[in-house]
Q: 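Structure provided below as structure tokens; questions to follow.
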Amino acid sequence: MADVAGRIGLEVPEDLRRHKGWLGHVAEWVLGADAGSKPAPDFEGIGVELKTVPIDAAGKPLESTYVCLATSTNLHDRTWETSLVRKKLAHVMWLPVVAQPGIPLAERRFARALIAELDPADEAILQSDWAEIVELIKLGMVEAITGSTGELLQLRPKAASGRVRVDGIGEDGFAVPTRPRAFYLRTHYTRQLFARHFALPSR
DNA sequence: GAGTGATCATAT
DNA sequence: ATATGATCACTC
């Protein structure tokens, strides 16, 4: 990481505690991602989303993956086919970083990348997870959704703090304050994907 | 140890 | 305020 960061003139932070997105930004910069902070795949022209993912020494992904915010405009009048979730996950370049605890950030290394199309069997499950979550939101039951809802795709709070509120749909259909939430891919999804492509243990 | 909910930084 | 990039940290 020290080598790659040095090439683009960046200092390597001591750790990621206050620089959680640092690795992702380094990868974007080095590879020339162009979507910036738009709600679109990183490489907009070719529709490829770039995701760095921490793995252990055995190649097993260690964290879930942010997909996109679940805002009202993001859900209104959308089907799975036209959803931002599907748009981002259709083609993903997974770039693993070996992040076994104890390895200093400067010494961490990228591992072999995987550029994958959305697998049809996975898509069927993602679509049903997405539909279930969106249905609950539209019914005003967003507070009933927890991180346990959904097999591969989940909905979790996403904000600078637990006190942030946005307009959500209440049980009576009127706007009520709720925490901002986002779609995430469960670690399990990436673990299975890597296991299939790299012949790794899936657990 | 796994997994959910909380949090941190930056751009527009 | 809404996006992006994620990992942290506490509970189970």
Q: Less than 4.0 Å between a side-chain N and a carboxylate O, is that true for A/Arg86 and A/Glu123?
A: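 Salt bridge present between A/Glu123 and A/Arg86.
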
Q: Of the candidate nucleotides C/dT2, B/dT7, C/dG5, which contains the atom at the shortest distance from the side chain of A/Lys51?
A: C/dG5

Q: Let me spell it out: for each of A/Ser148 and A/Ala160, pick the nucleotide of DNA chain B with the closest heavy atom. Which residue's pick is nearer the 5' end?
A: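 Looking at the nearest nucleotide for each, A/Ser148 comes out on the 5' side.
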
Q: NA contact type, A/Gly24, heavy-atom cut-off 4.0 Å: base, sugar-phosphate, or nothing?
A: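 Sugar-phosphate, no base atom in range.
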
Q: Has A/Arg17 got a side-chain N or O lying under 4.0 Å from the OP1 or OP2 atom of B/dT7?
A: no

Q: Please tell me which of the listed nucleotides, B/dG5, C/dG5, C/dT7, lies nearest to the side chain of A/Thr146?
A: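 Nearest to the side-chain atoms of A/Thr146, counting from C-beta on, is B/dG5.
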
Q: Which residue is it: A/Arg196, A/Gln192, A/Gln127? I am looking for the one with a side-chain hydrogen bond (donor to acceptor under 3.5 Å, both in side chains) to A/Asp122.
A: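 With A/Asp122 as partner, side-chain hydrogen bond (donor to acceptor under 3.5 Å, both in side chains) holds for just one option, A/Arg196.
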
Q: Taking the nucleotide of DNA chain C with the closest heavy atom to each, which residue, A/Pro157 or A/Thr73, is nearer the 5' end?
A: A/Thr73

Q: Describe the nucleic acid contact of A/Val166 in one word from base, sugar-phosphate, nothing, applying a heavy-atom distance below 4.0 Å.
A: sugar-phosphate

Q: By nearest atom, which of the nucleotides C/dG5, B/dT7, B/dG3 is closest to the A/Arg191 side chain?
A: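 Selected nucleotide (nearest to the side chain): B/dG3.
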
Q: If you assign A/Leu23 and A/Pro39 each to the DNA chain C nucleotide with the nearest heavy atom, which residue ends up on the more 5' nucleotide?
A: A/Pro39

Q: Calculate the interatomic distance between A/Arg165 atom CZ and B/dT7 atom P; express it in whole Å.
A: 11 Å

Q: Indicate, with a heavy-atom threshold strictly under 4.0 Å, whether A/Ser64 touches base, sugar-phosphate, or nothing.
A: base

Q: Side chain to side chain contact (heavy atoms under 4.5 Å, CB included), that's the test. Do A/Leu31 and A/Phe43 meet it? Break it down for me.
A: CA-CA 9 Å; A/Leu31 296 174; A/Phe43 300 99; 3.9 Å; yes

Q: Can you check the A/His188 NE2 to B/dT4 C1' distance for me, whole Å?
A: 16 Å

Q: Just to confirm, is there a sub-4.0 Å distance from OP1 or OP2 of B/dG3 to any side-chain nitrogen or oxygen of A/Gln154?
A: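 No, no such contact exists.
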
Q: Side chains of A/Val67 and A/Leu185: closer than 4.5 Å at any heavy-atom pair?
A: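 When only atoms from C-beta onward are counted, A/Leu185 and A/Val67 do touch, with a gap below 4.5 Å.
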
Q: Between A/Arg156 and C/dA6, is there a contact of a side-chain N or O with OP1 or OP2 at under 4.0 Å?
A: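 Negative; the distance criterion is not met.
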
Q: Quick one: the side chain of A/Lys38 and the base of B/dT12, do they pair up donor-acceptor inside 3.5 Å?
A: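 A donor-acceptor contact between them is absent.
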
Q: According to a strict under-4.0 Å criterion, is A/Lys60 in side-chain N/O contact with OP1 or OP2 of B/dA2?
A: yes

Q: Is the shortest side-chain N/O distance from A/Arg18 to OP1 or OP2 of B/dA9 below 4.0 Å?
A: yes

Q: Under a 3.5 Å cutoff, is there a donor and acceptor pairing between the side chains of A/Glu143 and A/Thr178?
A: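 Yes, a side-chain donor-acceptor pair sits under 3.5 Å.
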
Q: Is A/Ala99 touching bases, backbone alone, or none of the nucleic acid, heavy atoms closer than 4.0 Å?
A: nothing

Q: Keeping the roles fixed (side chain from A/Arg186, backbone from A/Gly150), state whether a donor-acceptor pair exists under 3.5 Å.
A: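 Here the side-chain-to-backbone pair exists.
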
Q: Regarding A/Pro54, tell me which of base, sugar-phosphate or nothing describes its non-hydrogen contacts under 4.0 Å with the strands shown.
A: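 The residue A/Pro54 makes sugar-phosphate contact but no base contact.
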
Q: Does A/Lys158 get its side chain close enough to the base of B/dG5, under 3.5 Å, for a donor-acceptor pair?
A: no

Q: For A/Thr149 and for A/Arg163, find the nucleotide of DNA chain B with the closest heavy atom, then tell me which residue's nucleotide is more 5'.
A: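 Whichever sits nearer the 5' end wins; that is A/Thr149.
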
